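What follows is a short report on a single structure.
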Amino acid sequence: MSETALKAPRVAAPSGDANRWKALVFIALAQLMVVLDATIVNIALPSAQKDLGISDGNRQWVVTAYALAFGGLLLFGGRIADKWGRKRAFVTGLAGFALASALGGAATSGTMMFGARALQGVFGALLAPAALSLLAVMFTDAKERAKAFGIYGAIAGGGGAVGLILGGFLTEYLDWRWTFFVNVPFAVVAAAGAYFVIREPEGGRNSAPLDIPGVVLSTLGLVALVYGFTRAESDGWGDALTVTMFVASAVLLLAFVAVESRVKAPLLPLRVVSNRNRGGIYLSLGLAIIGMFGLFLFLTYYLQIVKGYSPVKTGFAFLPMIAGMITGSTQIGTRLMTRVAPRLLMGPGFLVAGLGMLLLTQLEIDSSYGMLLLPAMLLLGLGMGTAFMPAMSLATQGVEPRDAGVASAMVNTSQQVGGAIGTALLNTIAASAKTSYIKDHIAGAATKPQQQLVGLQGMVHGYTSAIWFAVGILGLAALIAVTFVNTGRPGSTPVSSGEGVEDELPVPVVAH
């Protein structure tokens, strides 16, 4: 016996909404602010630590406070956007993020800084899923959706590198506080534009009561997971509290799944993640981010410590990666999205990025930027841009409008958890390889310059060892994308119509 799923009728984009392309400008601006904030603060951290008297043991909380609040509250923020209205959640998130950024820039103590960063994470968790879900419900025509998500994907992929450039400029030529203050004009412009331009389609809100047990379990579970990986980076994987966090996270998230399968109005309907295509998207995106986050960190340290680049020069060194991401997303991904199946963009995209990563395994102290780093970054950007664009679009395609916010939150959650895992895992591998190398070679270094050289060689050896793992992770992401994502090209696939009925993704013939 076999059955073929019937496709729902094609629904055109709402032609009356002439402002949707203007709205995209402000949504993209807000997304850029959130993404670049993840790296812009890292550049300013040494200066901020010195000015505010933050100890070495506590400085990690400038990053961790944001990561815990953002990662832990994403699902809750996505559901609030579904219930409250995505436009309202978007504007509120922007206003709160601007206020928190101003507090961070005006911080007079470490405690005030940590609080501001946590507040940024809270409002970021409301803002990020609202932005993506607005695109999902506003752009329903396949060709228009491809263009819109091409722009969004380029920003999501390249914003981190832009943050390195901007952070370098602001820290070197102004003051570290401007890495926070710069968010205020971004947020004000985006909020004002969104308020007057965005017209959210009617009938897409979720009026079901809020799943409080689901909110508590998911928030605590994700916070424990992110904190576990953050602590593993600094205190080791065998640390008692690290292990406790991982165990607690597993228990809480399993309880969350059990609750969601039983309640009438779940925070995260299991239909969102059990869909084969969306599940494959979330998993492959998370894996790809594991490799990318570690790489940003390694290359930043390599360029500044080994090559002696200034923060500004380091930021500009990442420009080829940004150019590659923009090209891959807006030129390759957008042009081919309606012509080929998404997996034929995602799989090869991750493999091209893996090829760029493979080049970086040849990194040495005296490696040429033009001969090695430049082509590697171009390939990385090109591959990631090509893969990210269809992934972002497909992750919210076919989702009921009432679930668009929480489906968008799952995209951000997979990226956030992937970033936490990538930073902790690859840093641990690099540190272990570095220690082993120095131990094996330091005996032959008689003079201080020779010992310093061994130290630098050990550092680079640690980076390349970790990058080999990143190559494997990207290969796995490509395999998952090709294996799990089996939907056809979007031109033949109806997407969320905004009428409250889920349009089916093409389902292959299944033999029973």
Side-chain angles (χ1 to χ4, degrees), residues 27 30-31 33-35 37-38 63-86 88-90 92-94 96-97 100 117-136 152 156 159-160 206 210-230 249 252-253 256-257 259-260 266-270 272-273 278-279 281-283 285-286 288-290 293 388 391-392 395-396 399 402-423:
I27 293 171
Q31 176 64 15
M33 179 188 72
V34 172
V35 173
D37 188 72
V63 176
T64 304
Y66 177 87
L68 293 181
F70 185 70
L73 292 171
L74 272 169
L75 288 177
F76 181 42
R79 183 53 85 199
I80 289 296
D82 287 333
K83 288 181 63 64
W84 199 17
R86 295 167 193 90
R88 185 184 298 177
F90 183 74
T92 302
L94 282 167
F97 201 90
R117 288 290 285 162
L119 201 58
Q120 277 186 314
V122 170
F123 285 104
L126 181 64
L127 172 60
L132 183 55
S133 59
L134 277 171
L135 288 189
Y152 187 89
N206 191 324
L210 190 61
D211 171 22
I212 299 299
V215 170
V216 174
L217 289 170
S218 67
T219 300
L220 293 178
L222 288 171
V223 165
L225 183 63
V226 173
Y227 184 58
F229 281 111
T230 301
S249 172
L252 288 164
L253 292 178
F256 171 67
V257 173
V259 168
E260 298 308 274
L267 174 70
L268 175 63
L270 297 184
V272 172
V273 292
R278 283 192 288 273
I281 293 290
Y282 299 145
L283 189 54
L285 267 182
I289 293 295
I290 288 175
F293 259 64
F388 270 39
M392 292 287 186
T396 53
V399 177
R402 59 180 177 157
D403 293 332
V406 77
S408 301
M410 276 301 300
V411 177
N412 290 285
T413 300
S414 67
Q415 291 177 309
Q416 182 68 20
V417 172
I421 295 173
T423 303

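This one's a predicted model, so the numbers in the text were calculated from it and none came from an experiment. Residues take their numbers from the sequence shown, with the count starting at 1.
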- Item | Test item: Arg117 side-chain N/O and Ala65 main-chain N/O as donor-acceptor pair under 3.5 Å |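 Not confirmed, Arg117 side chain does not pair with Ala65 backbone.
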Work out which heavy atom in [X] is nearest to a heavy atom in [Y]; give both atom names and the distance.
X      : Y      : answer
Ile27  : Phe90  : CA-CZ, 3.8 Å
Leu94  : Ala30  : CD2-CB, 3.7 Å
Thr92  : Arg88  : OG1-O, 2.8 Å
Phe388 : Ile289 : CZ-CD1, 3.6 Å
Asp211 : Glu260 : OD2-OE2, 2.5 Å
Ala391 : Ile281 : O-CG2, 3.5 Å

State the [atom1]-[atom2] distance between [X] and [Y], to the nearest 0.5 angstrom.
X      : Y      : atom1 : atom2 : value
Ile80  : Leu73  : CD1   : CG    : 10.0 Å
Leu252 : Phe256 : CG    : CZ    : 11.0 Å
Tyr282 : Thr413 : OH    : OG1   : 9.0 Å
Ser218 : Leu268 : OG    : CG    : 8.5 Å
Ser249 : Leu222 : OG    : CG    : 7.0 Å
Thr219 : Leu68  : OG1   : CG    : 12.0 Å

- Identify, with sequence neighbours excluded, every residue that meets ring-ring contact (aromatic ring centres under 6.0 Å, His included) alongside Phe97.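 Expected list: none.
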- Item | Side-chain heavy-atom pair Met410, Leu75 within 4.5 angstrom cut-off |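 The answer is yes; the side chains approach within 4.5 Å.
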Output a table of donor-acceptor pairs, distance under 3.5 Å, between side-chain atoms of residues 121-135 and any protein atom two or more places apart or on a different chain; print 'none' if there are none.
residue	atom	partner	partner atom	Å
Ser133	OG	Pro129	O	2.8
Ser133	OG	Ala130	O	3.1

